[in-house]
Every structure is written in C-alpha cells, then in structure tokens.
J.: 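Starting off with a structure, shown below.
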Amino acid sequence: MKLYLDPGHGGTDNGASGNGLYEKNVNLAIALRIRDTLLNNYDNVEVRMSRTTDTTKSLQQRTNEANAWGADYFLSIHCNAFNGSAQGYEDYIHSNLADSSLTAQYQDILHTEITRVNQLTNRGQKKANFHVLRESNMPALLTENGFIDNSHDANLMKQASWLQAVAEGHVNGLATAFNLPPKQAESEILYKVIAGSFRARENAEERAAYLSNRGIDSFIGTVTVNGVLWYRVQAGAFSTRDNAEERLVAVRNAGITDAYIIEEQTITRAPVSSRN
Ligand SMILES: [Zn+2]
C-alpha cells in the first residue's frame with residue numbers, strides 16, 4: 001500500500017494561524033507522527049510525504065507527485081480556522097463522490113478511528129471541491145484537525161500527547177481500511193554450547209577457568225529451573241548449528257564430555273503497538 005501523506009501548507013504559506021500557532025507546523029507535526037507510527041507498527045506500507053520540513057510546495061506539485069508515484073491513497077492533514085468560537089474535527093472527500101464509493105468507505109473508517117481518540121467535537125464527514133481531492137487520481141481524504149483560532153482546540157494542538165493520539169487515530173484508520181498486517185516481533189535462534197551447570201557460582205568459575213586454560217572462552221550465565229538458580233557455563237553462542245557442533249567437539253576434546261547444545265529463541269525487536 002502506497003500512502004501519499006500531505007501536511008498542508010508550509011514554507012511561505014503558513015495556512016491558518018491563531019493562539020500563537022501556525023497551521024503548517026501543526027500539520028507537519030501530526031503527519032510526521034503518522035508516518036513514524038505507521039512504519040513502526042505495520043508492514044506492506046510505503047509512505048511518501050509532500051514535505052518533511054517547513055518548505056513551500058504548490059497544490060499542483062503535490063497531486064502531480066502522488067499521481068506520478070501511483071499512490072493508493074492521498075491523505076492531507078490540515079487544521080481549521082473560522083471565527084474563534086467554532087471548534088472540532090471534520091474530514092472531506094471530493095464533492096462528486098457517492099456515499100457508496102470506495103473513497104467514502106475509507107472516509108467512514110478513518111473518521112471513526114480519528115474521532116475515537118482526538119478529544120474534539122465531531123463536526124461530521126463532509127464533501128468539498130478542494131484541489132487535492134479533485135486532482136488526485138486515487139482515493140483521497142483531507143482531515144481538519146481542530147480549529148487553530150479556538151482556544152480549546154489550540155490548547156490541545158500544543159500538547160505532544162494529543163498530536164500523537166491524533167496520529168494514531170489516522171494510523172488505526174489506515175490499518176483497518178487497507179488491512180495492513182501488524183509487524184511481527186523479529187526473533188532468531190541461538191545455538192548455545194553449555195559446558196556445565198552448577199548450583200554454586202565458584203564451581204562454575206572453576207569450570208570457566210579450566211576451559212580458559214585450554215583456549216576456550218566462556219562466560220557464566222544464570223538460569224532458573226523449577227525455581228532453582230543454576231550457574232551455567234556457556235562456551236559460545238552461534239546462529240548456525242554447524243558452528244555450535246564444531247565448538248561442542250572442541251569442548252568435549254578439552255575433557256568436558258557431558259557438554260551439550262541448547263537452542264534458544266531471542267527476540268531482537270518487538271514492535272510497539274499503537275492499538276489498544
Ligand atoms: Zn489548511
């Protein structure tokens with residue numbers, strides 16, 4: 001799934017402003033968090049952004065880029081402004097689209113997930129003839145994440161935890177709409193050569209010294225079996241069984257005839273879940 005992610009405005013175009021905030025900066029902060037959270041937690045997704053810094057880019061450039069890339073979805077991030085008293089969240093698809101269209105179905109899903117977590121008044125799902133919705137060749141959604149000139153909404157925009165929650169709402173919607181697979185924990189098997197297990201640490205140290213005198217490095221680890229602590233002398237850990245077997249022969253030739261190999265699964269990276 002190829003996501004074209006578009007933080008609205010930027011550079012010389014500040015977008016709306018109010019309460020000491022520029023819309024372009026809030027949009028970018030949310031979008032960067034969407035990108036990072038999405039890529040950290042899901043597979044089968046690529047993200048291209050219209051901008052990752054405070055740079056100027058025309059609307060035409062943005063839709064041209066998404067179309068040329070062949071994006072599957074165009075997601076534009078904005079904040080609103082009106083008269084200071086209006087507040088809340090709303091999102092838009094293009095005015096010509098039927099409620100039964102795929103784009104409208106994606107809107108339903110993202111709207112549900114975003115409004116679940118964004119702590120904003122829900123102003124509903126809307127349609128408009130915006131450039132990015134009209135000129136993009138793929139389903140497109142524009143989200144208006146609060147009113148920057150409203151003190152309640154702007155106060156939320158100043159909080160990192162709110163920016164992250166809003167990003168996660170978007171990510172959860174994308175994951176559901178495009179059926180993205182969550183990243184699995186990565187693990188690897190390690191083959192460990194064990195040259196003795198002892199209840200007393202000094203016995204383990206004695207064994208390690210014995211091996212060292214015969215040119216075999218080892219270290220002492222601990223393992224608890226049925227509530228009993230053991231000191232385990234490990235004479236190497238290998239990612240292939242062949243290498244472990246080779247070391248095992250060396251250890252046995254050094255006189256530790258009851259040495260053996262254990263397989264252990266090691267988690268090398270666990271994904272952080274954004275869904276709870
Ligand atoms: Zn805007």
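In each ligand, atom 1 is the first atom listed, and ligand 1 is the first ligand listed.
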J.: Tell me, which N, O or S atom in His9 is closest to the Zn ion (ligand 1)?
T.: NE2
J.: Regarding Cys79, does it place an N, O or S atom less than 2.8 Å from the Zn ion (ligand 1)?
T.: no
J.: From the Zn ion (ligand 1) out to just under 2.8 Å, does an N/O/S atom of Glu23 turn up?
T.: yes
J.: State the atom name: nearest N, O or S atom of His78 to the Zn ion (ligand 1).
T.: ND1
J.: What I'd like to find out is whether the side chain of Leu59 reaches to under 4.5 Å of the side chain of Thr63, using heavy atoms alone.
T.: no
J.: May I ask you to check if Arg214 and Tyr210 form a cation-pi contact, with NZ or CZ under 6.0 angstrom from the six-membered ring centre and within 45° of the axis?
T.: yes
J.: Does a salt bridge link Asp242 with Arg247, judged by any charged N lying under 4.0 Å from a carboxylate O?
T.: no
J.: For residues Leu75 and Leu3, determine if any side-chain heavy atom of one lies less than 4.5 Å from a side-chain heavy atom of the other.
T.: yes
